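Down below is the structure, laid out as structure tokens.
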Protein chains: 4
Amino acid sequence: MTPAAMTSQRRRPVQRRSQEMVDRILEAAARVLGREGYAAMSTNRVAAEADVSIGSLYRYFNDKAEIVEHLRARVNQEVLAELTEAIFASLDDDARHGVERVLVTLVDALERHRGILVALIDEVPLGSQANTLPEIERQLTEFTRLFVHRHAPGMPRDELDARLYLAMGMTLNACLRIALERPEGLDRGRLLELVTEMLVSGLDG
Amino acid sequence: MTPAAMTSQRRRPVQRRSQEMVDRILEAAARVLGREGYAAMSTNRVAAEADVSIGSLYRYFNDKAEIVEHLRARVNQEVLAELTEAIFASLDDDARHGVERVLVTLVDALERHRGILVALIDEVPLGSQANTLPEIERQLTEFTRLFVHRHAPGMPRDELDARLYLAMGMTLNACLRIALERPEGLDRGRLLELVTEMLVSGLDG
Amino acid sequence: MTPAAMTSQRRRPVQRRSQEMVDRILEAAARVLGREGYAAMSTNRVAAEADVSIGSLYRYFNDKAEIVEHLRARVNQEVLAELTEAIFASLDDDARHGVERVLVTLVDALERHRGILVALIDEVPLGSQANTLPEIERQLTEFTRLFVHRHAPGMPRDELDARLYLAMGMTLNACLRIALERPEGLDRGRLLELVTEMLVSGLDG
Amino acid sequence: MTPAAMTSQRRRPVQRRSQEMVDRILEAAARVLGREGYAAMSTNRVAAEADVSIGSLYRYFNDKAEIVEHLRARVNQEVLAELTEAIFASLDDDARHGVERVLVTLVDALERHRGILVALIDEVPLGSQANTLPEIERQLTEFTRLFVHRHAPGMPRDELDARLYLAMGMTLNACLRIALERPEGLDRGRLLELVTEMLVSGLDG
DNA sequence: GATGAATGAGTTTTCATTCAT
DNA sequence: GATGAATGAAAACTCATTCAT
């Protein structure tokens, strides 16, 4: 490999064609996972669904875990995009409305990825990373930290950290429940109001 | 769900020896699961760890899932026992102290089963039952429903259901986080105080 | 063991109690084989069906093959008994009527053991003994040899042997087909008449 | 019934290499079956004998039964080919000579596959399809029906069906006996003459 | 003699991964 | 770069048989 080639590769580590392949494979994986479950998601099955050879699949992913990881990252990223947008849109809202707007958006986004999320959470052995959506949680934490700073600026660092740690886990958990496994009888809107309320008052102290 | 052998042995209630085998197998399974993870937990591996033939393993458990299920049920049951005791002990406490006592006990119990719990939650594909500790949640719900009835009797049924649904998921999630993955910097005691606070105020409305 | 005991054992190699066990086991095996097929006929299943311990089963039979072999022998023997009776009853009949009476009896007897016979023929790997009913064939051969001697005494030995060899296989095969797998449209009576006819004329030369 | 791989390869008709693998596996299976019996014919044993990985074996055959079925079908087909040829060659013969020529060919062909046939008939559990060579019987039936039409055109349909049903089973059985288990003393030629005779006269009525 | 818990070799089958073309 | 045939370690599970009680 010439130095030139290496340089140009460093600049665009992912070629246009490669990206196409990667996408095809990931989309196929998402389809299989959502539709047929993790048990059916063999690498060969995914390659067939992507209409790509199994050899090519292994050209773009080192192993199966990497595919699942990319899938997870992708959901994270897509939900994250919507979340971030909602956060910006809510910057001028008062606490309650801002939080609710963000949570509604989050639940909407999660619902839109229900298929993969259910499979990822229920069927995929995660290998020691309890949390399927850590980036979401991080982002949600940052946003909330900002809100608290603005609305209750006096809280000591340690105290805030502890409150955020708990509140974020709980909120994300609540949103997942509302999005993915809400029982028949319970009203989505009311549940979201309640989460909002708990979150706001839980952070106010 | 019952060990395979039980069926064909209804004649004599439960043999001492059978229970011994069941226990050896379950303890071996717990050890392997906690130490080497779910991926390493093949039935043959468990049998070897238990120093029992693979044939015997299948005499007492119909299939691998049954072993995992027993493991889960066992943790559930043991945690449940401590939880129930704490609940009874706290019946005369005021809301805040009662709740805190219960939650402290719960976190203690969860910590004591850290090994299996981490593996069960992180690595075992749950197969559409997102929740590893449903019995705990149910019991916690009943207890809390009682507390609310006593301390805030006027709340309408629907409203209470919604609040309980959310609060229980969130509380259990928070306790699991505190017990199993609390970051270095955060103080266990303070976190528990906060959860208590959030729970109590979250239910008061 | 005293000499006396040995002697008395030689006289009655099978004790009354033992015979009872042997029978229970064989009957259970027959039931399982006829009802659930060879695949379900594990030694443990047979022991359970016989309400006998697996240990006892192996006390009376050296291995599984021996049980199947006894089963086969038993059907053979029971069919044989009826066959022999019919043969004696037909000694004064003319050729055609004698043969037909015997064949009707044979088909009746085979039909009565349909369950086991079907399983033995279709499902049991016979281990190099192509014929499930060799004793029947032998007996049928003897009877027919007699008939031929009487009705066509002049036939040379070699010729007779060849004819009997073929005719007996064919007849037994035909009777099995009529008894066990006769298609809807075909009349049992007419088929038996035809077999009789073919057999008689086939042997006459 | 078709090798597993075929399905996913419809794009290109039939790869030379695939056929090679299928053949190697079938030949290995035939060798093991003929030499060591059905009990020894595990899929791993067959793969080893074929010098093919067990994975490849399952690439070309969905399961063990499919291998046995292919083996059976193959014998059937090869015997059938010779049989059909003989039938065409004998169309101008008179009944007796035509039938004899066909039967001689049939016995020859069966003898040539003795190894597998013996194993298939004696050792392989047939799973409710008593007959190992149904295609042969069908073909033989068609041929014979033709002969009878020509030589004894007046026979009513029902009567002919009954006669054919019996005669074909008996003939095939006789040919198998002659080919596979004829006792020392009996002359092949004479036996074939006799079968011919019986068949011809048995159908004439 | 009777029991039945225990055994473990052996079976079928899957699927992530490699590598020659 | 792409292909896909081939691989083989490993998994879940069965069942004939043994032997201590």
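Protein chains get the first letters and strands the later ones, always in sequence-line order, with residue 1 at the start of each. This structure is a prediction, so every number in the text was calculated from the model and none was measured.
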(request) Compare side-chain N and O positions of Y60(D) against OP1 and OP2 of dA6(F) and report whether any pair is under 4.0 Å apart. (result)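 Answer yes for this pair, as a side-chain N or O of Y60(D) is under 4.0 Å from OP1 or OP2.
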
(request) May I ask you to evaluate whether T43(B) reaches the phosphate of dA12(F), defined as a side-chain N or O under 4.0 Å from OP1 or OP2? (result) yes

(message) Quick check: on DNA chain F, is the nucleotide nearest A65(C) upstream (toward 5') of the one nearest N44(D), or the reverse? Name the residue that is more 5'.
(response)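 The 5'-side residue here is N44(D).
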
(request) For A39(C) and for R59(A), find the nucleotide of DNA chain F with the closest heavy atom, then tell me which residue's nucleotide is more 5'. (result) R59(A)

Given [options], identify the nucleotide with an atom nearest to the side chain of [X].
X: I54(A); options: dG4(E), dT7(F), dT17(E); value: dT17(E)
X: S53(D); options: dT7(F), dG8(E), dA2(E); value: dT7(F)
X: Y58(A); options: dA16(E), dA2(F), dA2(E); value: dA16(E)
X: S42(C); options: dC13(F), dT12(E), dA16(F); value: dA16(F)

Nearest-Å distance, [atom1] ([X]) to [atom2] ([N])?
X: I25(A); N: dT3(F); atom1: CD1; atom2: C1'; value: 13 Å
X: M21(D); N: dG4(F); atom1: CE; atom2: P; value: 16 Å
X: I67(A); N: dC15(E); atom1: CD1; atom2: C1'; value: 13 Å
X: E66(B); N: dA12(F); atom1: CD; atom2: P; value: 14 Å
X: R45(B); N: dA12(F); atom1: CZ; atom2: C1'; value: 16 Å
X: R24(C); N: dA2(E); atom1: CZ; atom2: C1'; value: 12 Å
X: E69(A); N: dA16(E); atom1: CD; atom2: P; value: 17 Å
X: F61(D); N: dT14(E); atom1: CZ; atom2: C1'; value: 18 Å

What's the separation between atom [atom1] in [X] and atom [atom2] in [Y], rounded to the nearest 0.5 Å?
X: L33(C); Y: L117(C); atom1: CG; atom2: CG; answer: 10.0 Å
X: T43(D); Y: I67(D); atom1: OG1; atom2: CD1; answer: 7.0 Å
X: R45(B); Y: L57(B); atom1: CZ; atom2: CG; answer: 12.5 Å

(message) Does any part of the side chain of V32(A), heavy atoms only, come nearer than 4.5 Å to the side chain of S42(A), both counted from C-beta?
(response)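 Not touching, per the 4.5 Å side-chain cut-off.
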
(message) Contact between V68(B) and F61(B) at the side-chain level, heavy atoms closer than 4.5 Å - yes or no?
(response) no

(request) On DNA chain E, check which nucleotide each of V52(B) and S56(D) is closest to and give me the residue with the more 5' one. (result)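 The residue closer to the strand's 5' end, by nearest nucleotide, is V52(B).
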
(request) Could you let me know what dC13(F) is paired to, Watson-Crick or G-U wobble, both distances under 3.5 Å, or none if it's on its own? (result)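 Its partner is dG10(E).
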
(request) Both distances under 3.5 Å, Watson-Crick or G-U wobble: report the partner of dA20(F), or none. (result)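 Here dA20(F) is engaged in a pair, and the nucleotide opposite it is dT3(E).
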
